[in-house]
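Side chains are part of it too, since the values below use all heavy atoms of this structure and drop only hydrogens, waters and symmetry mates. These figures come from a predicted structure and were not determined experimentally.
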Amino acid sequence: MPESEPAPGPASGPAPESEPASGPEPGPEPASGPEPGPEPASGPTLDPATQPDPAPQPDPAPESAKKRRRPWVRRVRRAVLVLALVLIVPLVAVETALRVNYMGDPADGTYTRNRDAMWLGHAWVDGRKKDADVTALAGRLKDTGVRDLYVHTGPLEHDGTLPRSVYPRARWFIDAVHRELPGVRVQAFLGDVLANGGPEGLELSDAATRAEVVRSAGQVLDTGYEGVHLDLEPLHSGDGHYLDLLDDLRALTKGRDAQLSVAAHQIDPLPHLHSVAGFVADHPKWWSQEFFGQVARRVDQIAVMSYDTARLFESTYGGYVAQQTSLALEVTPPTTHLLMGLPFYYESNPSHWGHAETVGAAVRGARLGLSRTDPDRELFGLAPYIDFAATETNWKEFKDGWVR
């Protein structure tokens with residue numbers, strides 16, 4: 001709606017002087033006499049010298065002074081700009097680097113070495129699965145390179161013990177897999193929440209608790225499992241008590257001719273990022289590359305949980321997996337079997353965007369990292385997580401990109 005015109009104001013120029021009013025003709029001059037004095041003023045006469053000076057009027061503030069009246073505004077603006085530069089510029093640089101890392105073609109021959117693995121849910125050992133389910137699982141896996149199954153057999157109690165009642169059908173499942181899939185190993189997937197991630201959990205610093213974890217591992221090996229797969233979270237980088245536990249478990253599994261495998265956190269994509277994450281969050285996302293290598297040297301298999309990365313695009317997620325693969329290969333000895341995890345599930349939340357974290361991008365990223373770092377590595381594979389959430393698209397992308 002247009003604004004109304006301003007109301008008319010006074011004329012721009014000064015008002016004209018009035019003409020003298022007409023009056024009677026002047027009469028004869030009065031008789032001579034003393035000149036009349038001036039008429040007295042109607043009020044008391046004030047001496048100009050005694051009148052106070054008028055109050056001085058303040059000069060108008062210059063424009064620069066007006067701007068200085070709110071200095072906090074400038075400080076806030078400057079702080080916002082600095083924060084934007086600190087947060088946005090590095091983020092853009094990282095995303096760009098990951099996108100570039102996803103470019104190029106994987107080397108020929110970087111396909112399955114028939115040393116892949118898969119995480120399975122608890123339903124396989126608690127009585128919910130039947131013979132027909134094992135037959136269907138075998139049909140899924142027979143044309144792939146999956147040779148190890150990590151079947152969820154825990155969780156451990158916070159004191160490290162494992163009730164036998166939580167895996168009553170384990171022996172049946174192991175026998176069924178050996179019948180349907182000769183040559184495939186079945187490992188007991190044991191895990192728990194660590195106390196450093198909240199008020200309750202398993203306390204690694206307690207020697208008695210660690211001893212119970214080792215006893216629980218021997219218990220599942222007695223059941224017939226061919227290995228122990230350990231997943232303890234959230235595990236801070238550099239935890240010496242965890243390394244002590246792995247040393248004790250390795251002595252046990254080696255004496256039983258069994259496998260020791262672990263699920264591993266991701267490696268710092270930027271130097272010392274795990275320190276920053278550990279300072280601002282109780283759940284550390286990354287390990288240092290050095291600590292990853294220390295863990296890798298103590299186990300037979302190490303599987304990187306290379307999902308839940310918060311990447312927004314397929315290209316940057318694939319570039320991230322390529323980076324993680326290279327970082328892991330650099331510090332994993334050739335005698336340790338390295339596996340990169342694949343997201344066989346779909347979620348959409350700030351830590352996992354399903355449209356970005358696809359199996360196809362993860363497979364291609366792993367192949368790129370393998371091509372650039374150690375294309376001839378034999379003890380290398382991929383590990384889908386997890387069977388009960390897998391879609392047909394997940395299986396197709398896995399087979400098309402990796403199984404040749």
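Y307 pairs with exactly one of F344, Y385, Y317 by the ring-ring contact (aromatic ring centres under 6.0 Å, His included) rule, that one being Y385. With L230 as the fixed residue, the side-chain contact (heavy atoms from CB on, under 4.5 Å) test singles out one of L245, D192, V299: L245.
Sparse packing is recorded around CG of D257, with 12 or fewer heavy atoms of other residues, nucleotides or ligands lying under 6.0 Å away. Surrounding CZ of F313 are at most 12 heavy atoms belonging to other residues, nucleotides or ligands under 6.0 Å away.
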Given the rule in the side-chain hydrogen bond (donor to acceptor under 3.5 Å, both in side chains) test, do S261 and Q187 qualify, once you have shown the distances and angles that lead to the verdict? CA-CA 9 Å; S261 59; Q187 301 190 40; 2.8 Å; yes
Report the C-alpha distance between T209 and E203 in whole Å, list the side-chain angles of each, state the deciding distance to 0.1 Å, and finish with yes or no for side-chain hydrogen bond (donor to acceptor under 3.5 Å, both in side chains). CA-CA 7 Å; T209 299; E203 183 56 72; over 6 Å; no
Kindly indicate, with the supporting measurements, whether the criterion side-chain hydrogen bond (donor to acceptor under 3.5 Å, both in side chains) is fulfilled by R367 and T110. CA-CA 6 Å; R367 290 186 61 209; T110 52; 3.1 Å; yes
Q301 and D148: CA distance, side-chain angles, deciding distance, side-chain hydrogen bond (donor to acceptor under 3.5 Å, both in side chains) verdict: CA-CA 10 Å; Q301 299 176 335; D148 283 280; 3.0 Å; yes
Steps toward side chain to side chain contact (heavy atoms under 4.5 Å, CB included) verdict (K129, F173): CA-CA 9 Å; K129 297 291 189 180; F173 178 66; over 6 Å; no
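Here the NE2-OG1 distance, from H122 to T153, works out to 7.0 Å after rounding to the nearest 0.5 Å.
Taking the charged nitrogens against the carboxylate oxygens, D175 and R179 have no contact shorter than 4.0 Å, which rules out a salt bridge. A salt bridge links D222 and R256; the closest N-O separation between the charged side-chain nitrogens and carboxylate oxygens is under 4.0 Å. Ion pairing between a basic and an acidic side chain is recognised when a charged N comes within 4.0 Å of a carboxylate O; R297 and E290 show no such pairing. Taking the charged nitrogens against the carboxylate oxygens, D300 and R250 do have a contact shorter than 4.0 Å, which makes a salt bridge.
Pairing each heavy atom of P343 with each of N394, the nearest pair is O-ND2, 4.2 Å.
Ring planes of Y150 and H229: parallel class, angle under 30° (limits at 30 and 60°).
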